[in-house]
Amino acid sequence: MQTELSRKLGVEHAVFGFTPFPAVAAAISRAGGFGVLGAVRYTAPGDLERDLDWIDAHIGGLPYGLDVVMPARKVEGVTEADVEAMIPEAHRRFVRETLAKYGVPELAEGEAAGWRITGWMEQVARSQLDVAFGHPIRLLANALGSPPADVVARAHERGVLVAALAGSARHARKHRDAGIDVVVAQGYEAGGHTGEIATMVLTPEVVEAVAPLPVLAAGGIGSGQQAAAALALGAQGVWLGSVWLTTKEADLHSPALTRKLLAAGSGDTVRSRALTGKPARQLRTEWTDAWDDPAGPGALPMPLQGLLVAEAVSRIQKYEVDALLGTPVGQIVGRMNSERSVQAVFDDLTRGFERAVDRVNRIAGRSGQ
Ligand SMILES: Cc1cc2nc3c(=O)[nH]c(=O)nc-3n(C[C@H](O)[C@H](O)[C@H](O)COP(=O)(O)O)c2cc1C
């Protein structure tokens, strides 16, 4: 699966893998793809440094990238405490009552309240970049809009390509105008924050809108057939996130969550504001139902909702409270039915891709050519 972009980056397959797990990112690159580590969870720069060191030691010089969540709009001088103070008491009560209803135990005294969403604050994302530019990353991706001009310039000075996710052709044009090198067209089916346009419709729209910039198709891709379809739509590669969650190298810390993912069908996700305040596709649970219920207080806007639920989400995960336990994941979860190594996912992808291309060639009367 070679395209102009995969050749430029020196990878065997134009398969880009987003993952929060360093071991998965390294395995993706070792399997011939391009691993991209999600940085949003790293709120202490020392942790990111440690994990990028680990990747450098285990990736054998192969290329990889980093994904940050840098908001397009800059809010000056606002601290996490300021944001906390904006959370209404009624919402805090709703969290307490919901957790009590399901008997979710408290964290132990002094136990870290888990994932703080401060990785979304620009100053945190900037400190992640200071760390990342000390490592041989080849691509910097941004989840929420185009990164600021000085960040794009800094990346380009180091020969690092800049990618940005887009849910519409309008977003994609903004990225092009901001000097972005690669647009990730992410459809409605995708896990995580998504827009409302399906990958099948979005990909060719974005390809046309930003040509000749390379476009990666994301959302709902888990097989070689789907990758072949994306390339047929004009993409220069595919960007996969969900499919790695049930790989052997992934570290979800929760056997119950892995079991839920393996059992889920493609209709078991929902695009909900429950986790972050912005619509994000995730497993549908009684937790997402509670936030999406018009009788409840409803989710707060980003970043308030993320801060509000951070501790609750940690408790649900730690105690594996089945009815509430979820994760961002896309509709492709319906095809994630066994725990496989990253290499096995790649073997299936590349074989499926060849079969799909052969099939189309046969249909077009080109067999044997
Ligand atoms: C668990 C999970 C977390 C994600 N977090 C981020 C993130 O922090 N930054 C980002 O750019 N995309 C994030 N995404 C979206 C992925 O980058 C990717 O676009 C998406 O997973 C592709 O669709 P798929 O889930 O159908 O493969 C996340 C996806 C998942 C499943």
Side-chain angles (χ1 to χ4, degrees), residues 15-21 24-25 28 33-43 48 65-72 115 117-120 124-125 128 139-147 162-167 171 175 180 182-195 197-200 202-203 206 215-223 226-227 229-230 235 237-247 250-254 257-258 260-261 264 266 269 271 275-276 278-283 302 306 313 317 326-336 345 349:
V15 176
F16 293 71
F18 168 90
T19 172
F21 307 115
V24 177
I28 291 168
F34 189 95
V36 180
L37 180 70
V40 74
R41 284 162 193 265
Y42 293 93
T43 47
L48 183 60
L66 190 83
D67 176 282
V68 294
V69 181
M70 191 171 265
W115 180 29
I117 313 260
T118 47
W120 298 5
V124 178
Q128 292 166 346
L139 178 116
L140 173 70
N142 192 37
L144 294 180
S146 312
V162 182
L165 275 71
H171 282 155
H175 293 331
I180 267 57
V182 179
V183 176
V184 181
Q186 195 206 241
Y188 175 80
E189 306 90 317
H193 293 122
T194 58
I197 308 170
T199 305
M200 187 73 155
L202 180 69
T203 305
V206 170
V215 172
L216 300 174
I221 300 171
S223 71
Q226 287 159 330
V238 289
W239 174 281
L240 282 60
S242 292
V243 83
W244 318 112
L245 291 175
T246 47
T247 56
D251 194 5
L252 281 180
H253 292 299
S254 168
L257 184 55
T258 301
K260 267 188 128 172
L261 287 169
S266 51
T269 70
R271 202 166 150 268
L275 194 58
T276 68
K278 269 186 188 289
R281 186 170 298 287
Q282 52 200 289
L283 273 186
M302 182 190 253
V313 169
Q317 284 174 352
T327 174
V329 72
Q331 293 178 341
I332 197 68
V333 71
R335 299 286 294 268
M336 293 156 49
V345 172
L349 261 170

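Order of appearance sets the numbers: ligands from 1, and atoms from 1 within every ligand. Here the structure is a predicted model, which means the values were calculated and not measured. Just so you know, these numbers use all the heavy atoms, side chains as well, and skip hydrogens, waters and symmetry mates.
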Within the distance-only criterion (no hydrogens, no angle test), does the side chain of T199 pair as donor or acceptor with the backbone N or O of G219 below 3.5 angstrom? yes
Q186, any N or O under 3.5 Å of ligand 1 N or O: yes
Polar contacts were defined as any N/O atom of the residue lying under 3.5 Å from an N/O atom of the ligand; does this apply to G241 and ligand 1? yes
Gap separating the NZ atom of K260 from the CG atom of L283, nearest 0.5 angstrom: 6.5 Å
Between Q128 (side chain) and L48 (backbone), is there a donor-acceptor pair under 3.5 Å? no
Looking at atom 1 (C) of ligand 1, what's its closest protein heavy atom, distance included? P328 O, 3.4 Å
Where is the nearest protein heavy atom to atom 26 (O) of ligand 1: which residue, which atom, and how far? G220 N, 2.7 Å
Rounded at 0.5 Å granularity, tell me how far CG in L252 sits from OG1 in T247. 8.5 Å
In the protein, what heavy atom is nearest to atom 8 (O) of ligand 1, and what distance, to one decimal place, separates them? F18 CZ, 3.6 Å
Under 3.5 Å donor-acceptor, Q317 side chain and H253 backbone: no
Give yes if a backbone or side-chain nitrogen or oxygen of D67 is under 3.5 Å from a nitrogen or oxygen of ligand 1, and no if not. yes
Ligand 1 atoms in contact with V40 (distance to a heavy atom under 4.0 Å): 8 (O)
Approximate separation, where rounding is to 0.5 Å, of I332 CD1 and S266 OG: 8.5 Å
For ligand 1, which is the ligand I care about here, please tell me if G219 has any N or O atom under 3.5 Å from one of the ligand's N or O atoms. yes
Look at atom 25 (O) of ligand 1 and find which of S242, A163, G330 reaches it with the closest heavy atom. S242
Quick one: does H171's side chain have a donor or acceptor within less than 3.5 Å of a partner on L165's backbone? no
What atoms of ligand 1 come within less than 4.0 Å of a heavy atom belonging to W239? 16 (C), 17 (O), 18 (C), 19 (O), 22 (C)
For ligand 1, the portion of N142 having any non-hydrogen atom under 4.0 Å away: neither
Which is closest to atom 12 (N) of ligand 1 by heavy-atom distance: I221, L252, L165, L245? L165
Please indicate whether F21 has more than 12 foreign heavy atoms, meaning atoms of other residues, nucleotides or ligands, lying under 6.0 Å from its CZ. yes
So, applying side chain to side chain contact (heavy atoms under 4.5 Å, CB included) with L240, which one of I221, T19, V36 is it? I221
Decide whether an N or O pair under 3.5 Å exists between G191 and ligand 1. yes
So the atoms of ligand 1 within less than 4.0 Å of a heavy atom of A143 turn out to be 9 (N), 10 (C), 11 (O)
With a cut-off of 4.0 Å, which atoms of ligand 1 are near a heavy atom of L240? 27 (O)
Would you find a donor on one side and an acceptor on the other, under 3.5 Å apart, between the side chain of R271 and the backbone of E189? no
